[in-house]
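All values derive from a computational prediction rather than experimental measurement. In listed order, ligands and their atoms are each counted from 1. We number each residue from 1, following the sequence as shown.
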Amino acid sequence: MPGRLSDSPDVASGRLSPATLDANFDDIHPPLSRARALVEASRCYFCFDAPCIEACPTGIDIPSFIRKIATDNVRGAAMDILRENIFGGACARVCPTEVLCEGACVRVAQEGEPVAIGRLQRYATDPRMAEKRHPFSRAPATGKRIAVAGAGPAGLACAHRLAVLGHAVEVFEARPKPGGLNEYGIAAYKLVDDFARREVDFILGVGGITLHPGQALGRDLTLADLRRDYDAVFLGLGLGGVRALGLEGEAIEGVIAAVDYIAALRQADDLATLPVGRRVVVIGGGNTAIDIAVQTARLGAADVTIVYRRGPAEMSATSHEREFAQVNGVRIRHWARPVGLTAHEGHVRGVAFETTRMIGGRLEGTGETFSLVADQVFKAVGQTFIADPLNDGAHALLDLEAGRIVVDEDRRTSLADVWAGGDAIAGGEDLTVSAVQDGKIAAQAIDRALRS
Ligand SMILES: Cc1cc2nc3c(=O)[nH]c(=O)nc-3n(C[C@H](O)[C@H](O)[C@H](O)COP(=O)(O)OP(=O)(O)OC[C@H]3O[C@@H](n4cnc5c(N)ncnc54)[C@H](O)[C@@H]3O)c2cc1C
Ligand code: SF4
């Protein structure tokens with residue numbers, strides 16, 4: 001059982017005034033003015049064989065859209081982007097550009113400062129998305145019907161491309177709202193003003209896509225049903241499970257899965273109602289760890305510490321994200337792993353850690369320990385794919401590798417009429433933009449298969 005600590009936990013809502021909360025959760029990358037966009041566009045060298053195109057998972061012709069912005073052809077720029085990436089609006093806001101397109105910009109080597117590709121992308125796509133008329137029209141109806149399970153970036157990108165190609169698409173989504181982690185997971189200050197919902201409305205504006213919210217594969221319908229009733233199936237189920245810390249007494253109050261808390265934060269009408277600890281400990285080293293740490297700090301937690309079992313170089317959070325956390329007052333401690341929890345009357349009060357080191361390529365505990373007092377502990381040690389909806393009784397219907405769906409380069413699974421993409425597939429990047437690309441590739445492959 002967890003040990004005991006005498007004082008009560010300090011968890012409270014409304015730690016900050018409404019005005020401070022509004023400011024803390026405002027857009028972190030506000031839109032560029034026309035003047036700023038033109039200056040930024042003029043910095044592009046319009047490289048031949050541009051490395052930024054190669055570095056964008058959706059292969060947007062970046063020099064082409066920036067050249068159009070430079071000549072005030074903003075609509076044309078938006079079309080260059082949306083043709084390759086229908087989630088161009090979200091990606092402009094959430095892509096870790098420092099390791100993707102902007103990381104490859106030749107201006108980085110010259111001046112240390114890339115062209116602000118993400119912000120230019122937003123400058124071009126925002127006005128186009130606000131127009132009533134959808135930018136793409138649909139090809140003549142093919143008479144083919146495709147089922148998509150999961151309305152996240154992978155599922156909706158696939159559905160949109162299939163609809164453009166003339167197919168009828170039905171999307172089955174377990175949660176009440178579509179959008180996947182854009183709606184329920186991305187840090188609130190990256191996608192403000194209900195952007196995730198507005199973008200889904202924009203995507204569905206193409207027509208030919210019917211959305212069925214609250215319909216879960218494995219609960220309300222089976223893979224066999226979809227394979228029987230549709231010409232092809234796409235699975236964009238994301239990662240529904242949360243990895244445990246593996247500590248005794250982990251189920252106590254105050255030990256929370258970071259993704260669950262973020263989902264509640266993203267759906268809260270009033271951020272002042274969210275209970276937040278005075279001292280917060282986050283365990284993990286990725287995006288999710290950074291996001292929960294920064295968001296609890298911005299909700300008013302006085303002391304937020306991320307603890308990661310390895311060094312900075314091994315964190316999957318980029319150096320840009322680590323700096324962002326530190327600027328927000330978050331401390332990051334490396335080389336320590338949790339070994340126990342302390343509790344007071346069933347509520348967490350602290351975490352004991354053992355320091356770690358690498359010996360012969362293996363991570364080992366040193367035997368030295370320390371403790372951190374905590375009013376809330378957030379688990380951010382990874383999400384897992386839940387394969388149960390794909391099971392037929394005791395048997396897995398699809399090949400899995402490392403717990404995720406195996407696909408070929410066309411995103412086709414081991415079943416000839418089933419494709420998959422996004423976080424649910426093995427070997428992916430776990431990024432919004434990669435999920436969009438998977439959906440797009442799968443849609444094109446499905447189209448080829450159905451026409452052949
Ligand atoms: C906290 C957090 C922050 C992140 N921040 C960023 C970021 O800043 N930038 C970035 O690029 N990436 C970020 N990511 C990763 C990014 O959100 C994912 O890579 C992306 O959303 C994957 O898209 P997807 O469509 O595969 O899955 P999801 O977005 O997870 O969508 C899957 C959908 O399938 C539905 N579903 C699940 N099971 C079923 C079922 N049985 N039946 C029907 N529907 C089902 C789900 O409800 C969900 O709507 C973040 C991830 C997390 C967890
Ligand atoms: S989609 Fe993302 S990676 Fe690609 S150009 Fe846009 S911001 Fe860069």
Backbone or side-chain N or O of V94 under 3.5 Å from ligand 1 N or O:
yes

If you have a sec, work out which protein heavy atom is nearest atom 6 (C) of ligand 1 and how many Å separate them, to one decimal?
I186 CD1, 3.3 Å

Nearest protein heavy atom with distance in Å, relative to atom 39 (C) of ligand 1:
L237 CD2, 3.5 Å

Can you sort out which atoms of ligand 2 are near V433, meaning under 4.0 Å from one of its heavy atoms?
1 (S)

For V433, is at least one N or O under 3.5 Å away from an N or O on ligand 1?
no

T97 heavy atoms within 4.0 Å reach ligand 2 at atoms 7 (S)

What part of F172, side chain, backbone, both or neither, has a heavy atom within less than 4.0 angstrom of ligand 1?
backbone

Region of D438 that comes within reach of ligand 1 [heavy atoms, distance under 4.0 Å]:
neither

Could you check whether atom CZ of R228 has more than 12 heavy atoms from other residues, nucleotides or ligands sitting under 6.0 Å from it?
yes

Region of P389 engaging ligand 1 - heavy atom pairs below 4.0 Å:
side chain

Sub-3.5 Å N/O-N/O distance, A154 and ligand 1
yes

Nearest neighbour in protein (non-hydrogen) for atom 28 (P) of ligand 1
L181 N, 3.9 Å

Working note: Q437 + E84, criterion side chain to side chain donor-acceptor pair (under 3.5 Å); need CA distance, chi angles, decisive distance, verdict.
CA-CA 8 Å; Q437 179 68 354; E84 295 300 340; over 6 Å; no

Is it the side chain (CB and beyond), the backbone, both or neither of I81 that lies under 4.0 Å from ligand 2, heavy atoms counted?
neither

Considering the heavy atoms of I62, write down every atom of ligand 2 situated less than 4.0 Å from one of them.
5 (S)

Mind checking whether L217 has an N or O less than 3.5 Å away from an N or O of ligand 1?
yes

Could you see which bit of N287 sits under 4.0 Å from ligand 1, with heavy atoms only: side chain, backbone, both or neither?
side chain

the protein heavy atom lying closest to atom 20 (C) of ligand 1 turns out to be D423 OD2, 3.9 Å

2.8 Å cut-off met by an N, O or S atom of C91 to atom 8 (Fe) of ligand 2:
no

Side-chain donor-acceptor pair present, T222, D225, cut-off under 3.5 Å
yes

What about R175: any of its N or O atoms under 3.5 Å from an N or O on ligand 1?
no

Considering only the protein, which heavy-atom contact is closest to atom 8 (O) of ligand 1, and what is its distance?
K190 NZ, 2.7 Å

Any idea which protein heavy atom is nearest atom 47 (O) of ligand 1, and the distance to it?
E173 OE2, 2.6 Å

Any nitrogen or oxygen of A435, main chain or side chain, under 3.5 Å from a nitrogen or oxygen of ligand 1?
no

Residue part near ligand 1, for Q383, under 4.0 Å between non-hydrogen atoms
side chain

Short N or O distance, P96 and ligand 1, threshold 3.5 Å exclusive
no

Ring centroid separation F65 to Y123 under 6.0 Å:
no

Taking only heavy atoms of L100, which atoms of ligand 2 are found under 4.0 Å from at least one of them?
3 (S)

Could you say whether the N/O atoms of A424 and ligand 1 ever approach to under 3.5 Å?
no

Pair H212, E173: side-chain N/O donor-acceptor within cut-off below 3.5 Å
no

When L217, D220, V233, L221 are each screened for side chain to side chain contact (heavy atoms under 4.5 Å, CB included) with F172, the one that passes is L221

N, O or S of C56 under 2.8 Å from atom 2 (Fe) of ligand 2
no

On the six-membered ring of F353, is R337 placed so that its NZ or CZ lies under 6.0 angstrom from the centre and within 45° of the ring axis?
no

Please work out whether any backbone atom (N, CA, C, O) or any side-chain heavy atom from C-beta onward of E429 is under 4.0 Å from ligand 1, and answer side chain, backbone, both or neither.
neither

Show the atoms of ligand 1 that are less than 4.0 angstrom away from any heavy atom in G185.
1 (C), 2 (C), 3 (C)

Starting from atom 6 (Fe) of ligand 2, what is the nearest protein heavy atom, named by residue and atom, and what distance separates them?
Q121 OE1, 2.1 Å

List ligand 1 atoms under 4.0 Å from G422, heavy atoms only on the residue side.
26 (O)

Ion pair present between R43 and E113, side-chain N to carboxylate O less than 4.0 angstrom?
no

Could you go step by step and tell me if Q444 and R161 meet the side chain to side chain donor-acceptor pair (under 3.5 Å) rule?
CA-CA 8 Å; Q444 281 158 189; R161 182 57 61 109; 2.6 Å; yes

Just which atoms of ligand 2 are under 4.0 Å from any heavy atom in C101?
3 (S), 5 (S), 7 (S), 8 (Fe)

Please state which protein non-hydrogen atom is closest to atom 11 (O) of ligand 1 and give its distance, to 0.1 Å?
T432 N, 3.1 Å

Tell me, which protein residue and heavy-atom name are nearest atom 2 (Fe) of ligand 2, and how many Å apart are they?
C95 SG, 2.5 Å

Which of the atoms of ligand 2 are close to N85, meaning less than 4.0 Å from one of its heavy atoms?
1 (S)

In terms of side-chain geometry, is the basic nitrogen of R67 or D80 positioned less than 4.0 Å from the acidic oxygen of its partner?
no

Do ligand 1 and L239 have nitrogen or oxygen atoms that lie under 3.5 Å from each other?
no

Please state which protein non-hydrogen atom is closest to atom 44 (N) of ligand 1 and give its distance, to 0.1 Å?
A174 N, 3.1 Å

